[in-house]
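No experiment lies behind these values; they were computed from the predicted model shown. One-based numbering along the sequence shown.
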Amino acid sequence: MSTDFQKAREDLGRRLRTLRTESPHGPLTGTALSATLGWAQSKVSKLENGRQTPTAEDLRAWADATGHPGAYDELHGRLKGFESHIRSWRRQLSSGHRPVQETWNEVTAAARVLHVWDSFAVNGLLQTPDYARYVFESYATLQNSPRDTEDAVRARMERQRWLYQPGRRLELLMWEGALRARVCPPEVLAGQLDRLLGVVGMDTVRLGIVPMNAALRLPPANAFWIVDERLVITEDWHAELWLDGSDTVALYRRVWESLCDSAVFGAEARHVIARVRQAMVA
């Protein structure tokens, strides 16, 4: 799936190619430019074809080496514009939650491995229909968006088919607080916790729970998804951020690994979930 981010990166690549071929010192070949910059020729090719995100230093070096030092500000402005691709909730939810869920279905369908951290609610791939219904209703109220709750729930449940496809892998970490969050009535939350108990041990899912009393190397901040080590999706109250850049993806992966060190799995994860359920019923 081609995202706005990828299109913007391809546009930047075409601009870099133009600067190379229209150098005031005469057209430069990709090989000549890579030699001048001390880069592998493949890096020049990837940057020009939108298959790699340049750093600000890369853009400065490119502008100077091609004889266009004045182009740096323009190039850097483009980079800042798409390094964090902000998808406003107001814009995304203008037609309701179903279109947003269908976009997520496309992202998930193309993925092989997902590394996820959830700190505030049960992950959508494991939600029950009743739990999802309350989540969508609460956000529709907050954003004053069209209420297409049943269509959104159906789209989210459709995405869960991904869990049963061979070659897929969900590496999911959840903060214990997400299990306790009363975003729905107790009986609905109890059913959701039962669903999680049934997930522990699935071939395509590795579910880790970070207990409330676990020692942490980092605070349990915003939830995020890492899609095939190429894209990070995270969200805040105003917008969803799609982040694509090797340094950024690597940063989020380090965060995930740090949280993973504090998580429990298998029988221990099942014990934490069961303990939360028992406390809720009591």
Taking the side chain as C-beta and beyond, is there a heavy-atom pair between Leu170 and Leu163 under 4.5 Å?
yes
Short side-chain to backbone donor-acceptor contact, Ser119 and Ala221, under 3.5 Å:
yes
Minimum side-chain heavy-atom gap Val199-Leu197 below 4.5 Å
no
Ion pair check, Arg133 and Glu137, cut-off under 4.0 Å:
no
Could you see if Met212 belongs to whatever hydrophobic cluster contains Leu173? Use Ile, Leu, Val, Met, Phe, Trp, Tyr and a side-chain cutoff under 4.5 Å.
yes
Heavy atoms from other residues, nucleotides or ligands near CD of Gln165 exceed 12 (cutoff 6.0 Å)
yes
Looking only at heavy atoms, which two atoms of Ser94 and Pro146 are closest? And how far apart?
O-CG, 3.4 Å
Please answer whether the main-chain N or O of Leu19 pairs with a side-chain N or O of Ser23 as donor and acceptor at a distance below 3.5 Å.
no
Quick one: do the Thr108 and Asn105 side chains pair a donor with an acceptor below 3.5 Å?
no
Give the cluster check for Val153 versus Leu93: same hydrophobic cluster or not, with ILVMFWY residues linked at side-chain heavy-atom distances below 4.5 Å.
no
Side-chain heavy-atom pair Phe136, Arg98 within 4.5 angstrom cut-off
no
Do Leu12 and Thr53 come within less than 4.5 Å of each other through their side chains, counting heavy atoms only?
no
Could you go step by step and tell me if Arg230 and Val249 meet the side-chain contact (heavy atoms from CB on, under 4.5 Å) rule?
CA-CA 7 Å; Arg230 62 177 175 80; Val249 173; 5.9 Å; no
Within 6.0 angstrom of Arg161 CZ, more than 12 heavy atoms from elsewhere
no
Gln101 vs Arg159, test: side-chain hydrogen bond (donor to acceptor under 3.5 Å, both in side chains). Steps then yes/no.
CA-CA 8 Å; Gln101 293 307 300; Arg159 182 157 79 247; 3.0 Å; yes
Any non-hydrogen side-chain atom of Ser45 less than 4.5 Å from a side-chain atom of Arg51?
yes
Trp117 reachable from Leu218 in the ILVMFWY side-chain graph, under 4.5 Å edges
yes
What I'd like to find out is whether the side chain of Glu257 reaches to under 4.5 Å of the side chain of Arg254, using heavy atoms alone.
no
Measure from the ring center of Trp225 to the ring center of Trp104 and say whether it is less than 6.0 Å.
yes
side-chain contact (heavy atoms from CB on, under 4.5 Å) assessment of Arg147 paired with Thr141:
CA-CA 9 Å; Arg147 292 180 182 272; Thr141 298; 2.6 Å; yes
Is any side-chain heavy atom of Leu75 closer than 4.5 Å to a side-chain heavy atom of Pro54?
no
Quick one: do Asp11 and Arg78 make a salt bridge, cutoff under 4.0 Å?
no
Carefully, step by step, assess Arg275 and Glu176 under the rule salt bridge (Lys or Arg N to Asp or Glu O under 4.0 Å).
CA-CA 10 Å; Arg275 184 182 69 213; Glu176 183 184 331; 3.1 Å; yes
What is the minimum heavy-atom distance between Leu193 and Ile273, and which atoms define it?
O-CG2, 3.7 Å
Scanning both residues in full, the closest heavy-atom pair of Ala223 with Phe120 reads CB-CE2, 3.4 Å
Using the rule side chain to side chain contact (heavy atoms under 4.5 Å, CB included), only one of Val255, Asp236, Leu241 pairs with Asn222; which is it?
Asp236
Check this for me: does any side-chain nitrogen of one of Glu22 and Arg17 sit under 4.0 Å from a carboxylate oxygen of the other?
no
At what distance, to the nearest 0.5 angstrom, does CH2 of Trp256 lie from CD1 of Ile226?
8.0 Å
What is the minimum heavy-atom distance between Ala239 and Ser88, and which atoms define it?
CB-CA, 4.0 Å
NZ/Lys46: more than 12 non-hydrogen atoms of other groups inside 6.0 Å
no
Are His97 and Arg156 close enough that some pair of their side-chain heavy atoms sits under 4.5 Å apart?
no
When you look at Trp62 and Thr36, which way does the side-chain contact (heavy atoms from CB on, under 4.5 Å) test go after all the steps?
CA-CA 10 Å; Trp62 192 290; Thr36 299; over 6 Å; no
Could you grab the distance from atom CG of Asp58 to atom NE2 of His76, nearest 0.5 Å is fine?
11.0 Å
When you group the ILVMFWY residues by side-chain heavy-atom contacts below 4.5 Å and let the links chain together, are Met202 and Leu196 in the same group?
yes
To the nearest 0.5 Å, how far apart are CG in Leu114 and CD1 in Ile233?
9.0 Å
For Ala214 against Val210, the heavy-atom pair lying closest together:
CB-CG1, 4.2 Å
Return the OG to OH distance between Ser138 and Tyr134, rounded to the nearest 0.5 Å.
11.0 Å
Give the intermediate values and the outcome of side-chain contact (heavy atoms from CB on, under 4.5 Å) for residues Phe224 and Leu243.
CA-CA 10 Å; Phe224 59 85; Leu243 310 168; over 6 Å; no
One should read off an interatomic distance between Arg20 CZ and Thr29 OG1, to the nearest 0.5 angstrom, of 7.0 Å
For a quick check under 3.5 Å, do Glu240 and Trp242 share a side-chain donor-acceptor pair by atom type?
yes
Minimum heavy-atom separation for Asp228 to Ala110, with atom names?
OD2-O, 3.8 Å
Salt-bridge test for Arg154 and Glu158: reply yes if a basic N is under 4.0 Å from a carboxylate O, no otherwise.
no
Would you say the side chains of Arg217 and Ser262 form a donor-acceptor pair under 3.5 Å?
no
Basic-acidic side-chain contact under 4.0 Å: Arg169, Glu171
yes
Residues in side chain to side chain contact (heavy atoms under 4.5 Å, CB included) contact with Tyr131, at least two apart in sequence or another chain
Ala121, Val122, Gln127, Thr128, Val135, Val183, Cys184, Val188, Leu189, Gln192
Linking I/L/V/M/F/W/Y whenever any side-chain heavy atoms sit under 4.5 Å apart, do Tyr139 and Met157 land together?
no
Separation of Met280 CE from Glu187 CD (nearest 0.5 Å)
8.5 Å
